[in-house]
Amino acid sequence: MNYFDQDLTSLHADLVAKKISALELTKATFANLRQVDPQLGAFLNLNEDAALKRAAEIDAKGINPDNVMAGIPVAVKDNIVTKGLTTTAASKMLENFVPVYDATVVEKMRASDAIIIGKNNMDEFAMGGSTENSAFKVTHNPWDVSRVPGGSSGGSAVAVASGQVPVAFGSDTGGSIRQPSSFNGVVGMKPTYGRVSRWGLIAFGSSLDQIGPITRSVKDNAAALNMIAGYDQHDGTSSKQAVPDFTAGLDGNVKGMKIALPKEYMGEGIDPKVREVINNAVKKFEELGATVEEVSLPNSKYGVSAYYIIASSEASSNLQRFDGIRYGFRAKDVKNLEDVYVRSRSEGFGDEVKRRIMLGTFSLSAGYYDAYFHKAGQVRTMIINDFNKVFEDYDMIMGPVAPTPAFKIGDEISDPITMYMNDVLTIPVNLAGLPGMSVPAGFADGLPVGLQLIGKAFDESTLYKAGYAFEQATDVHQQTPKVGGAN
Amino acid sequence: MAEERINADQVQHVAGLAKLEFNPAELETFTGQLEKIIGMFEELSTVDTTDVPATMRLSDDTLREANLREDQAVKSSDELRHALLKNAPETANGLIKVPAIIDESGDGE
């Protein structure tokens with residue numbers, strides 16, 4: 001079966017009423033996946049035997065009527081470690097790596113009786129915006145298979161958009177949940193930094209990374225975030241802020257909500273067709289009784305530069321651990337220890353990862369630290385201050401997720417700067433640690449366009465409330481892509 | 001262009017720091033790409049950041065204090081040790097094997 005006609009609420013009702021068992025649902029999920037995924041390439045690795053065993057166990061103990069995730073098939077990005085299940089981060093470096101522990105979010109999935117179906121393709125180590133940087137396969141956009149799915153969580157977004165699973169979990173360092181969600185017409189949430197534990201997320205940019213859910217509907221997304229949010233003693237940067245029920249308050253009412261529209265998000269460099277979709281969304285919010293006013297985030301234009309210095313610097317440090325000694329790829333015929341390091345890293349990492357390591361090492365090196373790394377940190381403060389100022393007067397910020405819809409496979413991969421500019425509207429949110437969500441807003445030439453909602457720190461609830469109201473007032477989320485069996 | 005931002009020698013130097021190596025063709029490509037990207041970074045030099053503190057992390061510092069846990073040793077299982085070693089490229093007698101630090105090419109193994 002595919003997941004176009006059902007959401008978590010209706011699936012849960014069927015499971016509780018025993019209209020379908022968890023085992024039947026799991027089997028049907030794999031049967032559909034085998035039909036659909038060969039055309040798309042959303043999965044790197046399936047967990048079929050363990051998933052079927054787990055589903056049978058869940059059926060035996062019974063579906064908890066108070067737990068909407070019980071028996072629900074989910075997919076997980078391949079940079080989130082899963083005990084006993086190969087986790088590669090789409091890198092040759094980790095081609096045969098089998099984690100010995102579960103990420104905290106995976107532990108929570110297991111504790112909630114969610115069923116892990118498999119691991120999703122991505123840009124190597126989450127570095128990229130098209131999933132073309134995977135060492136293993138190309139993932140295709142189900143709305144037009146000649147186009148990229150976005151990235152880096154491209155496989156996760158495609159798995160949901162093509163109806164293979166109702167929920168997938170990605171990670172977002174500079175837009176890696178929101179941009180593929182926009183390109184695939186699904187809902188993707190990058191929670192507040194600290195809302196979700198990063199324990200077991202293979203580290204890229206540690207001051208930026210967050211794990212979040214991708215779903216077809218806003219309500220499903222809120223339910224999935226409920227499952228994974230919260231403080232974790234294994235992640236010192238996870239927050240002890242109380243976790244609300246994110247599905248509460250989804251009532252379609254945004255009357256009186258004050259929304260800011262940054263002029264920098266609607267200007268030059270934004271595809272006019274994307275702008276038109278966003279302008280229509282603005283009108284819809286106004287019809288629903290919200291006020292939308294233009295504001296300025298004057299330093300957001302420096303976000304791309306600041307981000308690529310900071311994220312690359314953090315990555316160059318985090319990726320030192322891949323040394324060919326304890327785990328991961330080791331080059332053959334090495335002469336000595338230095339040779340192990342250099343050859344294993346040079347043969348094990350792909351070009352984009354090497355580029356980031358080089359940029360980061362350069363930015364942190366003697367003589368350049370002040371002009372690059374420290375300067376980027378100062379600009380980051382200015383970007384944060386811009387957001388704080390807007391949030392003195394507004395409940396939420398709105399704009400596009402990406403400047404364009406999905407581009408063609410192969411079009412941008414050889415031009416790093418063009419690729420980096422795709423992140424211009426998502427990066428400031430990571431630099432400031434704020435929650436950001438992509439909600440399907442419309443189409444440009446038949447390709448999905450996402451609306452980005454940006455909230456105050458730890459105020460994901462407002463984004464869900466607004467996203468739900470918008471979704472219920474439009475029929476965008478009911479459209480289905482060409483590939484996925486929705487005929 | 002007034003001055004070169006980064007040249008092939010510097011790229012070689014940075015590669016050495018990062019434990020990476022490039023062949024001549026890769027070196028040329030990477031130098032060109034890094035030159036352009038670092039050129040983009042230079043827009044930051046036009047931003048007046050006088051007296052602006054740098055943000056290096058986002059955690060709530062009051063929470064961070066409370067997040068410190070006891071530093072207690074936890075005994076791990078043989079099963080875990082076995083699983084860990086299975087990921088190592090080379091092992092001997094239940095330990096991870098590391099190649100000789102000094103060049104072995106002289107007398108071989």
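The structure presented is a predicted model; accordingly, all values stated were derived computationally and were not measured. Sequence lines set the chain letters: A, B, ... in the order given, protein chains first and strands last, and positions in each chain run from 1.
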* Evaluate side chain to side chain contact (heavy atoms under 4.5 Å, CB included) for A:Phe362 paired with B:Val11, printing each intermediate quantity in order. => CA-CA 9 Å; A:Phe362 170 80; B:Val11 172; over 6 Å; no
* Tell me, side chain or backbone of B:Leu20 under 4.5 Å from chain A's heavy atoms, or both, or neither? -> both
* How about B:His82: does its NE2 atom have over 12 heavy atoms from other parts shown lying under 6.0 Å from it? -> no
* Quick one: what part of B:Ser45 sits under 4.5 Å from any heavy atom of chain A, side chain, backbone, both or neither? -> backbone
* Asked: When rounded to the nearest 0.5 angstrom, what distance separates CD1 in B:Ile96 from OH in A:Tyr327?
  -> 10.0 Å
* Asked: Can you tell me how far CD1 of B:Ile37 sits from CD1 of A:Ile417, rounded to the nearest 0.5 angstrom?
  -> 5.5 Å
* Any ion pair linking A:Lys301 and B:Glu43 (charged N to carboxylate O, less than 4.0 Å)? -> no
* To do: Might you confirm whether atom CD of B:Glu42 has over 12 heavy atoms from other residues, nucleotides or ligands at distances under 6.0 Å?
  => yes
* **Partner chain B: residue of A:Pro416, A:Ala371, A:Ser206, A:Gly433 with the largest heavy-atom pair count (under 4.5 Å)** => A:Pro416
* Pick one of side chain, backbone, both or neither for B:Phe30, based on which atoms fall under 4.5 Å of a heavy atom in chain A. => side chain
* Asked: Between atom CD1 of A:Ile384 and atom CG of B:Leu58, what is the distance when rounded to the nearest 0.5 Å?
  -> 5.5 Å
* Please round to the nearest 0.5 Å and tell me the distance separating atom CD of B:Glu21 and atom OH of A:Tyr341. => 15.0 Å
* Residues B:Thr49, A:Lys375; criterion side chain to side chain contact (heavy atoms under 4.5 Å, CB included); working and verdict -> CA-CA 8 Å; B:Thr49 52; A:Lys375 185 82 179 182; 2.9 Å; yes
* Distance-minimising heavy-atom pair for A:Gly324 and B:Pro89 -> O-CG, 3.5 Å
* Within a strict 4.5 Å, meaning less than it, do heavy atoms of the B:Met56 and A:Phe373 side chains meet? -> yes
* Structure fact -> Bottom line for B:Asp48: the part with an atom under 4.5 Å from chain A's heavy atoms is backbone
* Asked: Which region of B:Thr46, side chain (C-beta onward) or backbone (N, CA, C, O), has a non-hydrogen atom less than 4.5 Å from a non-hydrogen atom of chain A, or is it both or neither?
  -> side chain
* Leading residue by heavy atom contact count with chain B [cutoff under 4.5 Å; candidates A:Val379, A:Ile309, A:Val304] -> A:Ile309
* Atom group of A:Ser365 that falls short of 4.5 Å from chain B, counting heavy atoms -> side chain
* Side chain / backbone / both / neither for A:Ser414 at chain B, heavy atoms under 4.5 Å -> backbone
* To do: Report the option among B:Glu79, B:Met40, B:Glu26 that has the most heavy-atom pairs separated by less than 4.5 Å from atoms of chain A.
  => B:Met40
* Portion of A:Asp333 that has a non-hydrogen atom of chain B nearer than 4.5 angstrom -> neither
Identify every side-chain donor-acceptor pair in residues 91-100 of chain A under 3.5 Å, counting partners at least two apart or on other chains, and give the distances.
| unit_1 | atom_1 | unit_2 | atom_2 | d |
| --- | --- | --- | --- | --- |
| A:Ser91 | OG | A:Met93 | N | 3.0 |
| A:Ser91 | OG | A:Glu124 | OE2 | 2.7 |

* Looking only at heavy atoms, what is the nearest atom pair of A:Thr381 and B:Ala54, with distance? -> OG1-C, 3.6 Å
* Listed by residue number, which members of residues 344-357 of chain A have a heavy atom under 4.5 Å from any heavy atom of chain B? -> A:Arg345, A:Ser346, A:Phe349, A:Asp351, A:Lys354, A:Arg355, A:Ile357
* To do: Look only at the side chain of A:Gln378 and the backbone of B:Val52, and say whether a donor-acceptor pair between them is shorter than 3.5 Å.
  => yes
* To do: Sort out for me which of A:Arg380, A:Met382, A:Glu338, A:Met358 touches chain B most, counting heavy-atom pairs under 4.5 Å.
  => A:Met358
* Quick one: CZ on B:Arg57 to CD on A:Glu314, what's the gap to the nearest 0.5 Å? -> 10.0 Å
* **Separation between OG of A:Ser305 and CG of B:Leu44, rounded to the nearest 0.5 Å** => 5.0 Å
* Relative to chain B, which segment of A:Tyr368 carries a heavy atom at a distance below 4.5 Å: side chain, backbone, both, or neither? -> side chain
* To do: Give the member of B:Thr55, B:Thr29, B:Leu80, B:Val98 that has the highest number of heavy-atom pairs under 4.5 Å with chain A.
  => B:Thr55
* Flag the one option from B:Leu17, B:Ile38, B:Leu84 with the top tally of heavy-atom pairs under 4.5 Å to chain A. => B:Ile38
* Structure fact -> Ranked by heavy-atom pairs below 4.5 Å to chain B, first place among A:Tyr101, A:Tyr420, A:Tyr372, A:Tyr302 goes to A:Tyr302
